[in-house]
Amino acid sequence: MTHRQGGPFGERTEAEIREWVRDRDAGPAPERLRMRIARVAESEPAPRWGFRAVLRPAYALGGAVAAAALIVVAMVLRATPGPAAPGASATPSGPSPEPTTVLMPAMPNGPWPRTGPVLAVPLDGPLLVAVAVLALLAALLIVTWTALVTRREARRSEPPHTWSWLGLWASRPRRSRAARAFAVLWAGVMIAVGCGLLQFAQSTPLGYGSSFGGGSSLGSRSGTGGGAMESYYSFVSGGELDLLISLSNQGDLPLTVTSFDETRFLSEQPAGKYISSVELRLPPGASSICDEYPPSGTHPTSLCTQPFHPFELPSWHESGYGETLLSMIVHMKSCPLVAPGPTANPSASSQQNYLPMTPYVTFGELPFRYSVLGIEREADVRMFEAVGIVFGSNEVAC
Amino acid sequence: MRAPRGDDRAKDGQAMAADVAVDRVRVDAAVEFSRLVDRHLDAGYRLASVVLGDPTEAEDAAHDAAILAWRGFRTLRDRDRFEQWFCRIVLNVCRDRLRHRRRHPVTELPDLDGLEVQAADDAGRLVTRDAIDRAFVLLGPDHQVVVALRFYRDLTVEEMAQRLGIPEGTVKSRLHHALRRLRAEMERQGWREEPGDDA
């Protein structure tokens, strides 16, 4: 046995391989190579691209500019125009009626609904996940890079050191570079946030406004379940209930109310099985926004005459509280077996602490669909006052 | 036009002094780099020629390595370790070139004159060297590099690890698998170890 310890070849073959390898040795470097290399140091060193380049201010600035360009491209791609009302012009037509009771600032003048792109990048859904993942990857990249460089240095040092995490963070140059990289990232994000370029659709919720009205009610009561208020109306088989509701945009961005989910309303509300359909109407005119309280005694259907269509609701800081009124006409089912509810005395005022003596059903949440920055969302808008429909007897099977 | 004041002149002087200092540092670095690379160029070039097996390509590899070394010269703190550092760069460049060669293989015509001379010399030796020749190029770039280092300078595992910048365990593993693969490929070429030399 003539093999070297652990080697697969015998001594003679190893010697042959050694000779074969050494035969490949081309000898000293030729003079032309020395001349080529002599010019290397004379030439300007090229910039070192890669991760270190990010840490240099000039490259960091270039990266920030590139990132800004990407954000602008993203804005153009993701921004969606506001919906135009059918048959409406871009500007309000005709003088707006004089308000009788102005409680909130008037709407801003100018084109309405707005049709230009929204200057913001919506962060939602996959994009939000992508941003979060990218941030995590960036942090991991920095840590890995720092670890690799430090490990290489530790091995190269004289005497060689064993690499460790403790040693990594004790290493001042690496730590300062990593800190600088984080600072560049952080500053970039802060600039983007400061310029309002990053917006979260989640932070623009649709809520209920501050006004509620309806036809002649039996009365109202507070302190019901959860401290909410309830207004009571009589059940009339095949009749209708006229209400005035309000919606408000409680966020910083304009939102577009696109539709009312009648199916969900009828199936999820206790009163749904006594209601055949719900009709929504908007105030007339090019502007769908009505940021006033209705004059006392105004009937809802006379105030809002236009069929429902998608409309834009400005943010609260753009126009008072970013509210609008809607007329809500609730069509009740024909239930001949159900006795109609008690009749209110037309001349009597609404009772403040009315307690129905007969069964009643309520609805208090309005499922609306809306979009923010082109992202579709749904909201169950909880009404300021729930509506109770009072029956005339205990027999309420419809 | 405003006449330069004393403090302006002082600032100008400081700026000029700083420029001169920067230039001097740069010139010093260039001189030192030239001196060091000139001293160790032979070793790098020979190493490249052994790994690549082609003097012309070895020239290009050494040139590329010199450029990379100059760009990263400021990061080399211990100038006494220039040779190891430069050899590591040379080996990395060679490895990249071997990878590129595997992706873009070039078929070389056999040197028939050399075969005749060597065939007259020793037929068995010719078969062995031919088998090595054919088997070596079938190894992966990392394996070619460790085999070349192992037989060219008879480096220890520790020295090889320092030159390659990888752990000793990795060197041992690569060398083990490279030699096994080399033998397997040689045997596939029809080579058999002589009876007195094998197990």
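Predicted model only: the values in this text are computed from it and were never measured. Order of the sequence lines sets the chain letters (A, B, ...), proteins ahead of strands, with each chain counted from 1.
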How many angstroms lie between atom CE of B:Met186 and atom CZ of A:Phe9, to the nearest 0.5 angstrom?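 Those atoms lie 5.0 Å apart.
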
How long is the gap from CG on B:Leu179 to CD1 on A:Ile17, to the nearest 0.5 Å?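 Separation between the atoms: 7.0 Å.
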
Heavy-atom closest pair, residues [X] and [Y]:
X	Y	answer
A:Val21	B:Ala148	CG1-O, 3.9 Å
A:Asp25	B:Tyr152	OD2-OH, 3.1 Å
B:Asp42	A:Ala29	OD1-N, 2.7 Å
A:Ala26	B:Ser49	N-OG, 3.0 Å
A:Arg24	B:Leu52	NH2-C, 3.3 Å
B:Arg46	A:Gly27	CG-O, 2.9 Å

Would a 4.5 Å heavy-atom cut-off, applied to side chains only, mark [X] and [Y] as touching?
X	Y	result
B:Arg153	A:Arg22	no
B:Trp191	A:Thr13	yes
B:Asp60	A:Arg36	yes
A:Arg34	B:Tyr45	no

Among B:Val37, B:Val147, B:Asp38, single out the residue with the greatest number of heavy-atom pairs under 4.5 Å to chain A.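 Ranked by heavy-atom pairs under 4.5 Å with chain A, first place is B:Asp38.
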
Between chain A and each of B:Leu182, B:Asp80, B:Val51, B:Leu175, count heavy-atom pairs under 4.5 Å; write down the option with the most.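 Highest number of pairs under 4.5 Å: B:Leu182.
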
Can you tell which part of B:Ala58 gets under 4.5 Å to a heavy atom of chain A, answering side chain, backbone, both or neither?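 For B:Ala58, no heavy atom lies under 4.5 Å from chain A.
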
Is it the side chain or the backbone of B:Phe33 that comes within 4.5 Å of chain A heavy atoms, both, or neither?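 The side chain, not the backbone.
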
With B:Gln189 via side chain to side chain donor-acceptor pair (under 3.5 Å) - residues at least two apart: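 Listed in chain order: nothing, the list is empty.
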
Apply ring pair (Phe, Tyr, Trp, His ring centres under 6.0 Å) to residues A:Trp20 and B:Phe151 and explain how you reach the verdict. CA-CA 9 Å; A:Trp20 177 86; B:Phe151 289 104; 9.4 Å; no

Close contacts, residues 89-98 of chain B versus chain A, judged by heavy atoms under 4.5 Å: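 Those residues of residues 89-98 of chain B which would need a heavy atom under 4.5 Å from chain A do not exist here.
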
Hey, is A:Arg18 close enough to B:Asp154 for a salt bridge, meaning N to O under 4.0 Å?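 Result for this pair is yes, salt bridge flagged.
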
